[in-house]
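Here the structure is laid out as structure tokens; the discussion comes afterwards.
We count ligands from 1, going down the list as the structure has it; atoms in each ligand are counted the same way.
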Amino acid sequence: YADSALYEAKKSGRNTLHFFSPLLQQKLEEEAVMLERLHHAIHQQQMSLHYQKQWALNPLTQDVHEIGAEALIRWIDPVHGMITPDKFIPLAEKSGSIIPLGEWILKEAFTQLKSWQDDPQKRHWQLSINISIKQFERDDFISMVQELLQSFQCDATKIRFELTESLLINDLKSSLRKIYALTKLGISLSIDDFGTGYSSLAYLKRLPIHELKIDKSFIRDLASDHADVILVQTILGIGKRFGLDVVAEGVETEEQYQRLRDMGCRYFQGYLFSKPTPPSLL
Ligand code: C2E
Ligand code: MG
Ligand code: MG
Ligand code: MG
């Protein structure tokens with residue numbers, strides 16, 4: 001962006017004020033407005049966490065049962081309505097707002113877990129929380145998590161952090177140290193959107209992770225695209241050999257579910273089973 005803006009500025013001569021193309025300018029202005037709103041959103045209680053249940057197959061009965069849920073953030077802006085995380089999480093990462101937002105997410109999620117622990121029906125549930133690269137990279141990430149665990153008094157062995165693989169490989173040595181520290185606290189690790197990043201499989205042998213999540217882009221055309229069948233089989237095979245749980249996300253149809261079961265998948269998440277909901281509706 002900067003380069004092309006500079007190029008345009010040079011091209012149009014010294015006396016011009018048109019440093020940016022109108023489209024780029026508009027994009028930057030929109031981003032600035034969005035950032036300003038994002039900044040206030042936490043304090044004005046516009047953020048909430050929804051939860052999508054995760055399901056496990058009982059191979060004997062072929063029934064599924066709930067084993068926990070993934071926390072997914074929702075932003076309801078009083079003027080613009082619901083804004084999806086794909087739109088604001090990247091912006092929050094770019095601007096640094098993800099740090100206070102990420103801490104808020106952890107507190108909110110820990111409070112939820114605590115309440116499940118007092119509910120006989122949900123006592124065994126595990127809670128998956130998405131962690132942003134910018135959050136994980138911080139030097140104080142582990143101590144922050146440790147302090148929150150202590151003050152919220154929740155069972156760390158029920159907590160699963162979802163990380164994307166790009167994040168782990170950037171700085172494998174530091175990731176390794178942090179992941180060991182989390183494991184020591186009792187928290188388990190899941191690789192989200194597995195297979196979609198620029199990944200090196202080498203980290204699988206180095207990192208004590210517990211779960212792979214098959215990205216929904218591999219599930220979507222499972223019934224018609226043989227390449228997706230091969231990819232999903234491969235991921236299930238990797239999981240099996242490394243002793244990791246493999247969760248299929250974005251399961252929407254009976255046919256996808258049937259195929260996944262036939263391939264030996266045991267854990268599921270998707271609209272076919274349940275949509276993300278406010279915690280009161282779980
Ligand atoms: P993700 O962690 O891979 O989450 C899965 C996404 O798939 C969620 O979108 C979920 O609502 C959606 N989904 C679940 N089942 C289905 C299905 O059957 N079909 C389809 N088409 N979609 C399904 P959502 O909630 O919009 O979140 C998008 C992404 O935003 C997440 O991807 C995650 O990367 C990020 N995100 C969401 N909440 C948080 C958060 O609390 N913290 C951070 N750092 N990132 C978050
Ligand atoms: Mg996730
Ligand atoms: Mg995912
Ligand atoms: Mg994703």
* Asked: Does NZ or CZ of K53 lie under 6.0 Å from the centre of the six-membered ring of F273, at an angle within 45° of the ring axis?
  -> no
* Examine all N, O or S atoms of N130, backbone included, and report whether one is under 2.8 Å from the Mg ion (ligand 2). => yes
* H39 NE2: over 12 foreign heavy atoms closer than 6.0 Å -> no
* Proximal candidate to atom 41 (O) of ligand 1 [heavy atom criterion; set I129, D192, I105] -> I105
* N/O to N/O below 3.5 Å, does that happen between T84 and ligand 1? -> no
* Enumerated ligand 1 atoms positioned under 4.0 Å from heavy atoms of R74 -> 11 (O), 24 (P), 25 (O)
* Structure fact -> A student comparing K87, E252, E108, H50 should find that the heavy atom closest to atom 21 (N) of ligand 1 comes from E252
* Whether K213 lies under 4.0 Å from ligand 1, heavy atom -> no
* To do: With the Mg ion (ligand 2) as the reference point, give the N/O/S atom of E162 that is nearest.
  => OE1
* Structure fact -> Which atom of D192 is nearest the Mg ion (ligand 3), counting N, O or S only? It is OD1
* **Per-residue contact class, Q135 against ligand 1 - non-hydrogen pairs under 4.0 Å** => neither
* Could you tell me whether E31 and K94 have a side-chain N and a carboxylate O separated by less than 4.0 Å? => yes
* Asked: Is the Mg ion (ligand 3) less than 2.8 Å from an N/O/S atom of E249, whether that atom is in the backbone or a side chain?
  -> yes
* Structure fact -> The reported gap from CZ in R74 to OG1 in T84 (rounded to nearest 0.5 angstrom) is 8.0 Å
* Asked: How does P276 reach ligand 1, if at all, at less than 4.0 Å between non-hydrogen atoms: by side chain, backbone, both, or neither?
  -> side chain
* Asked: Just wondering, is there an N, O or S atom on D193 that's nearer than 2.8 Å to the Mg ion (ligand 3)?
  -> yes
* State whether the shortest distance between N or O atoms of I131 and N or O atoms of ligand 1 falls below 3.5 angstrom. => no
* Asked: What distance do T253 atom OG1 and Q258 atom CD have between them, rounded to the nearest 0.5 Å?
  -> 10.5 Å
* Asked: With respect to I179, which candidate in I187, L163, I142 satisfies the side chain to side chain contact (heavy atoms under 4.5 Å, CB included) definition?
  -> L163
* To do: State whether F110 and K107 meet the cation-pi test: NZ (Lys) or CZ (Arg) under 6.0 Å from the six-membered ring centroid, and within 45° of the perpendicular axis.
  => no
* Asked: By number and element, which atoms of ligand 1 are closer than 4.0 Å to a non-hydrogen atom of Q52?
  -> 14 (C), 15 (N)
* To do: Find all atoms of ligand 1 within a distance of less than 4.0 Å from any non-hydrogen atom belonging to E70, and give their numbers and elements.
  => 2 (O), 4 (O)
* **Heavy atoms of other groups near Q62 CD, more than 12 under 6.0 Å** => yes
* Structure fact -> Heavy atoms of V232 and F218 approach each other most closely as CG2-O, 3.9 Å
* Counting both backbone and side chain atoms, is some N or O of D193 under 3.5 Å from an N or O of ligand 1? -> yes
* To do: Using a strict cut-off of less than 4.0 Å between a Lys/Arg side-chain nitrogen and an Asp/Glu carboxylate oxygen, indicate whether R160 and D245 qualify as a salt bridge.
  => yes
* **Within 45° cone of Y257 ring axis and under 6.0 Å: R259 NZ or CZ** => no
* With the Mg ion (ligand 2) as the reference point, give the N/O/S atom of E70 that is nearest. => OE2
* Which atoms of ligand 1 are found less than 4.0 Å from any heavy atom of G270? -> 15 (N), 18 (O)
* Atoms in ligand 1 flagged as close to K216, the criterion being non-hydrogen separation under 4.0 Å -> 6 (C), 7 (O), 20 (C), 22 (N)
* According to the interplanar angle, ranging from 0 to 90°, do the rings of F161 and F141 count as parallel (below 30°), tilted (30 to 60°) or perpendicular (above 60°)? -> tilted
